[in-house]
Amino acid sequence: MSGGANFQVTVFEVTPVNDLITRFSFVRSDGGELPRFSGGAHTVVEMHDEGKRRLNPYSLMSDPADTRAYSISVRRDDAGRGGSLFMHRQVKPGMEMTISAPVNLFALDLRARKHLMIAGGIGITPFMAQIRQLSMMGGRFELHYAARSPDLAAYADTLLAAHPGRVRTYFDEQGQKIDLEALLDGQPLGTHLYVCGPKGLMNWVLETATQLGWPREAVHSEEFLAPPSGKPFEVRLAASNKSVTVDEHQSLLEAIEEAGVDAPYLCRGGACGQCETRVLEHEGTLIHNDHWLTEEQRASGERIMPCVSRFEGRTLVLDR
Amino acid sequence: MSHSPIQPTILSRPVYGELEPRSGSQHLFVADAEGGEAILDMARAAPEGFFDKAHIIFIPKETGQSLVARLESLKPAQLHIAPSYSAVVPRLHRVLSSAHMGLQLYLSGTEGLMGQAMLEATNQGIPHTAIQTEHRGSLCRRVQCVHCKGITEDVTMDPFQCSHCGLHLFVRDHYSRRMAAFQGVCVDAENPGDIPEPVERFP
Amino acid sequence: MTIVFKEESFRDDFTYSNSDWAIQRFPFPFDKDSYMYSVNMERHVPVQAGSVFEAAFDVDEHYVSEMRDRALVLAEDPLRCQSLPHMTLAGWDVLELIMTSKAADYPEHFELHRDGDTWRWINRPLGIDQSFTFLDETTLPYGPLEYITRQAQGDFAVLDQRDDNLWMDAGMVTTQADWSLDFDIGMNFFEWHAPVPKAHEMGIFQRALQYLLNIRQGEPARRLNWTMTVNPLLDTSPENYHKWGVMRGELTPENIGQKLHLRVELQTFYRLPRSNGLLFPIRCYLISLQDLVTVPKWGRRLHRVIRDLPEELATYKGFIDNRPLILEYLSKYDDGAPTSPGIFPD
């Protein structure tokens, strides 16, 4: 696959963390070491679910210095396309899987005087690895972690115990909310802000930071989009001279791959730009769902990110 | 429209914009000479109460004396008039080292002044792209001799003689934020003694 | 294989030369009879046994003498090796990558023994046996980047990746084609390439940056770049230009074959694991024209490339004044016969 170096791994442990979240750890099937990584990196997990091949990105949450095993946490999404359900229902210890080498689109800015982290729900996972990295390097950090309830705040107890005074939790059920303006006001120059979690939280944090005059370069966020479902459509791949149908619950990228056409990708979540593809012709509407293309590029109708974006209309021809 | 004749050339050469009021918890201005006018022009667009959170550091040089009274009339929280940039450095360092995220920095005047103040600010953790700049006044350059590493201030001629090692240097557009200086390179290295007539390129 | 290391100089009496082995494996940079900028990136995987593309970090007969030249440059000007404060972790990444690669590729010359963070490094050609604690700067005589790049041929730029750009925030640069680390450190990809003519307008750097940002761990890439240098001078630095610039006027029809060198950079790119930085080694290979034309294909092709090169590029590469002299020399080795595709000798 075009995602680069991959590893054959064996599922070592499957650990339910709470009602929604399960942790999976992987070791290399050949007994070798996995590469070290930097906090915030993700791996792409390949799943074979009843003839469908899915490739989903998950943040690595284990110690970046641990080369024996990687771990990820997956939140079950009952309304999703099925990737998380597959992980929860089908993946058992001893099973062999393929995962990609780590890629980091949410790296720490190592120049920061202080790292201010805001996590919502499952968005805690990249921070687990980042905090390990910062602890090793002696970096200053502060984590503000919001979740629906104490039961659903995965790893909160571990974090509070390991880093007292640096971690604060907020539970929606108990009416607790991050006092964001107060938090952002008064941070020393050189502080970098990181946010990962649901869309609402991310937008709120990004907008508030902008209003308070935080520079764009000091604010970092990561959101992997799941490829949205939609009406099936046809696409013509000009370079490889093939036509394919994109099913309701399939992404355009997955359909291209299923047709045996090798297409580049990294994150598969609309964030990295690697799969950007030229639109040669279209009669209909491009449904852009990525974080990558600019408004102008979208308006031009000349580019699409097939990992998350779709199409509605009569004809679509891509340079692939 | 910009008041500066500086045009983009190569991508390392800084370009400057026009100051505009931004939202922030504190507003710090550093300006020299005609750079004071950029603050006054910006002030027209500033919202009510903007200067209550403003600190202006102004180096009038020969051409900016008349602006002092007008800057006073903006009623900034602090106004500091200084004789030179080097006299400003300890104060600027002190202000930045205790400042918080949300501080907005506005630089205006000569390239040498803006470059040095920007360096002080980036060393304290403000991304250079988040700092507003507006060029006004002289085009004179700070130039680092790539050979001896000495910096010559207020260079107007090209080529010029390095004030430290005495080599004759031509002035490139290649610019280092870390030096806050353009690069000067020996003009007669390949033909020693063959030095072109200096031209006033940076009046 | 065991390499026999030569005693030679890259300054003053310039005793540097290539053996027949080194000539045959020289990385000739032109795969066709003309040259223009391109994003000529490819995966850095071994090709052709014995070639400079075989090892991750090629070691050749010039190793010991090059390392001595580097030490001389650093003694004169310590600013040739610098690392901004946030790049120390990347420095350790570089040290690990070079040590593990060299020990794997040249076990008869280099050994690395690791027990947790307690490491022992043996470099036989340079007579080094160093025990140290990984990630503890106080256990090495230099910072990690300087320590290991005093023992590795070629320059090393270490790039930090942030804001969708690459920032040259550390490096060891003593064999450069006329650029200054001290001046360029802290610049982004577009800024440090700013003086290169034409390529910006062609979109070369935009595409190259996109490629480099996406380089993954375990999947290094490479490309070749080139210029010309009078005398086998590794340190063609801007800092010393007022000393070496005058050599450009010393070429004559009689001495050009021996004095003028094709200077080729093997540039490679490695994603660094802990820091997420990118290592950008720039390895310099020098060959005199008289040695180069012993490979007939290369003599023919270089003549055509130099003849047809746009004026701006010949100026930027610093041989515009000497071009007529170069062509006069090379034309004797171009009989007009067709050349085979690719860079290797026939």
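Just so it is clear, the model here is predicted, and its values are computed rather than measured. Here is the naming used below: chain letters follow the sequence lines, and residue numbers restart at 1 for every chain.
At least one donor-acceptor pair under 3.5 Å links the side chain of B:H147 to the backbone N or O of C:P238. Side-chain N or O atoms of B:R178 include none that pairs as donor or acceptor with a backbone N or O of C:M187 at under 3.5 Å.
The neighbour count for B:R70 CZ, taken as heavy atoms of other residues, nucleotides or ligands under 6.0 Å away, does not exceed 12. Counting non-hydrogen atoms of neighbouring residues, nucleotides and ligands closer than 6.0 angstrom, the CD atom of B:E200 exceeds 12 such neighbours. For B:N123, the CG atom is densely surrounded, since the number of other residues' heavy atoms within 6.0 Å is greater than 12.
When all heavy atoms of B:L11 and C:H200 are compared, the pair lying nearest together is CD1-ND1, 3.3 Å.
Note on B:C145, B:C148, B:S176, B:P192: by heavy-atom pairs under 4.5 Å with chain C, the leading option is B:S176. Among the candidates B:Q144, B:K149, B:H128, the residue making the largest number of heavy-atom pairs closer than 4.5 Å to chain C is B:K149. With chain B as partner, the option from C:P195, C:S237, C:P197 having the largest number of non-hydrogen pairs under 4.5 angstrom is C:P195. When C:H193, C:E239, C:R248, C:K243 are compared by the number of non-hydrogen pairs under 4.5 Å with chain B, C:E239 comes out ahead.
Looking at C:D184, only its side chain comes within 4.5 Å of chain B, counting heavy atoms on both sides. Only the side chain of C:L79 comes within contact range of chain B, judged by heavy atoms closer than 4.5 Å. The contact between B:V146 and chain C is made by backbone and side chain atoms together, counting heavy-atom distances below 4.5 Å. Proximity to chain C (any heavy atom under 4.5 Å) is shown, for B:R13, by neither the backbone nor the side chain.
In this structure, the separation between SG on B:C165 and NE2 on C:H242 is 7.0 Å, given to the nearest 0.5 Å. Distance OG1/B:T129 to CG/C:N188: 10.0 Å, rounded to 0.5 Å.
Note on ring orientation: taking the six-membered ring where Trp is involved, the planes of B:H174 and C:F183 are tilted (angle from 30° to 60°).
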